[in-house]
K.L.:
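If you scroll down you'll find the structure; I have some questions about it.
Residues: numbered from 1 along the sequence shown. Nothing here was measured: the structure is a model prediction, and the numbers come from that model.
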Amino acid sequence: QVQLVESWGGLVQAGGSLILSCTYSGHTFTSLAMGWFRQAPGKVREFVAAIRWSDGYTFYADSVKGRFTISRDNAKNTVYLQMNSLKPEDTAVYYCASNSKFLFIRNAMGYDYWGQGTQVTVSS
């Protein structure tokens, strides 16, 4: 059974930084890429960033490009999302997810497994 466990969300003031982590575990390592999505109250879940396990190739939403950095540690089966220059509009529950086919990288429908989510709140 695949499990994704996120951690390190929290509360931060605007302009501050947070880092999220997501550790992948399971009997079979079938993930080709990992993504981060977020969902604010009353809004649809939106793509934030993704990274390919094999070579670290990255994808970003325009809204976070230049502020957020996704990285991975293959030895630990862990991906990170470094979030800098945070804005109140970044407030959301952040989810990590695993993509086994490297399809629809920017769309939630492409992801097979999801973490439980971690709250990020940015105060103004």
Side-chain angles (χ1 to χ4, degrees):
Q1 184 70 23
V2 172
Q3 283 189 317
L4 303 177
V5 179
E6 302 114 334
S7 58
W8 301 351
L11 172 65
V12 66
Q13 288 189 328
S17 298
L18 277 176
I19 183 168
L20 306 180
S21 73
C22 173
T23 300
Y24 178 111
S25 63
H27 297 297
T28 302
F29 191 75
T30 60
S31 175
L32 296 182
M34 296 289 290
W36 286 97
F37 289 76
R38 66 187 181 186
Q39 187 166 17
K43 295 189 176 182
V44 299
R45 191 169 297 189
E46 64 173 356
F47 171 77
V48 175
I51 188 166
R52 190 159 56 192
W53 283 112
S54 59
D55 59 5
Y57 191 84
T58 57
F59 306 80
Y60 292 97
D62 289 342
S63 59
V64 305
K65 200 174 294 183
R67 300 189 299 123
F68 291 11
T69 302
I70 188 171
S71 60
R72 93 272 191 231
D73 184 332
N74 291 52
K76 295 181 179 180
N77 290 343
T78 298
V79 294
Y80 304 95
L81 185 68
Q82 174 70 50
M83 305 183 292
N84 298 328
S85 302
L86 282 161
K87 306 174 182 180
E89 50 264 43
D90 294 318
T91 295
V93 177
Y94 283 70
Y95 299 88
C96 71
S98 172
N99 189 307
S100 64
K101 298 180 176 60
F102 204 64
L103 296 175
F104 303 110
I105 287 294
R106 298 176 182 271
N107 193 310
M109 68 182 292
Y111 291 78
D112 311 288
Y113 299 99
W114 293 82
Q116 79 284 0
T118 186
Q119 177 70 45
V120 171
T121 303
V122 184
S123 63
S124 58

K.L.:
Return the OG to CD1 distance between S71 and I19, rounded to the nearest 0.5 Å.
P.N.:
6.0 Å
K.L.:
How far does CD1 of I51 sit from CZ of F59, to the nearest 0.5 angstrom?
P.N.:
10.0 Å
K.L.:
Would you compute the distance between atom CD of Q13 and atom OG of S124 and round it to the nearest 0.5 angstrom?
P.N.:
9.5 Å
K.L.:
Under a 4.5 Å cut-off applied to non-hydrogen side-chain atoms, are M34 and L4 in contact?
P.N.:
yes
K.L.:
Flag the pair R67 / D90 as yes when at least one side-chain heavy-atom distance between them is below 4.5 Å, and no otherwise.
P.N.:
yes
K.L.:
Do L20 and M83 have side chains that get closer than 4.5 Å, going by heavy atoms?
P.N.:
yes
K.L.:
Check whether any side-chain heavy atom of V79 lies under 4.5 Å from a side-chain heavy atom of W53, and answer yes or no.
P.N.:
yes
K.L.:
If I compare all heavy atoms of G9 with all of V120, which pair ends up nearest, and what's the gap?
P.N.:
CA-CG2, 4.3 Å
K.L.:
For a quick test of reading the model, state the closest non-hydrogen atom pair linking I105 to A33 and the distance between them.
P.N.:
CD1-CB, 4.0 Å
K.L.:
Starting at CD of Q116, measure out to SG of C96 and round the result to the nearest 0.5 Å.
P.N.:
7.5 Å
K.L.:
Using a 6.0 Å cut-off, check whether atom OH of Y113 has over 12 heavy atoms from anything other than its own residue.
P.N.:
no
K.L.:
If hydrophobic clusters are built by linking Ile, Leu, Val, Met, Phe, Trp and Tyr wherever their side-chain heavy atoms come under 4.5 Å apart, do Y80 and L32 end up in the same one?
P.N.:
no
K.L.:
Please report the closest heavy-atom contact between Q82 and S17, naming both atoms and the distance.
P.N.:
NE2-CB, 3.9 Å
K.L.:
Which of parallel (below 30°), tilted (30 to 60°) and perpendicular (above 60°) describes Y95 and W114?
P.N.:
perpendicular
K.L.:
Side chains of T23 and T78: do they bring a donor and an acceptor to under 3.5 Å?
P.N.:
yes
K.L.:
What's the shortest heavy-atom distance between L86 and L18, and which atoms?
P.N.:
CD1-N, 3.8 Å
K.L.:
Could you tell me whether a side-chain N or O of Y111 sits under 3.5 Å from a main-chain N or O of S100, the two making a donor and an acceptor?
P.N.:
no
K.L.:
Between E46 and R38 (side chain of the first, backbone of the second, donor and acceptor by atom type, cut-off under 3.5 Å), is there such a pair?
P.N.:
no
K.L.:
Answer yes or no: is there a donor N or O on one side and an acceptor on the other, between the side chain of R45 and the main chain of A40, under 3.5 Å?
P.N.:
no
K.L.:
What distance do S31 atom OG and R72 atom CZ have between them, rounded to the nearest 0.5 Å?
P.N.:
11.5 Å
K.L.:
Shortest non-hydrogen contact from G117 to V93?
P.N.:
CA-CG1, 3.8 Å
K.L.:
Side-chain contact test, heavy atoms from C-beta onward, threshold under 4.5 Å: evaluate it for F68 versus W36 and give yes or no.
P.N.:
no
K.L.:
With a 4.5 Å heavy-atom cut-off, do W8 and T118 have their side chains touching?
P.N.:
no
K.L.:
Does N99 reach the main-chain N or O of G110 with its side chain, forming a donor-acceptor pair under 3.5 Å?
P.N.:
yes
K.L.:
CG of N74 to OH of Y24: how many Å apart, nearest 0.5 Å?
P.N.:
12.5 Å
K.L.:
Is a side-chain donor or acceptor of Q39 paired with a backbone partner of A92 at a separation under 3.5 angstrom?
P.N.:
no
K.L.:
What's the shortest heavy-atom distance between F47 and R106, and which atoms?
P.N.:
CB-O, 3.3 Å
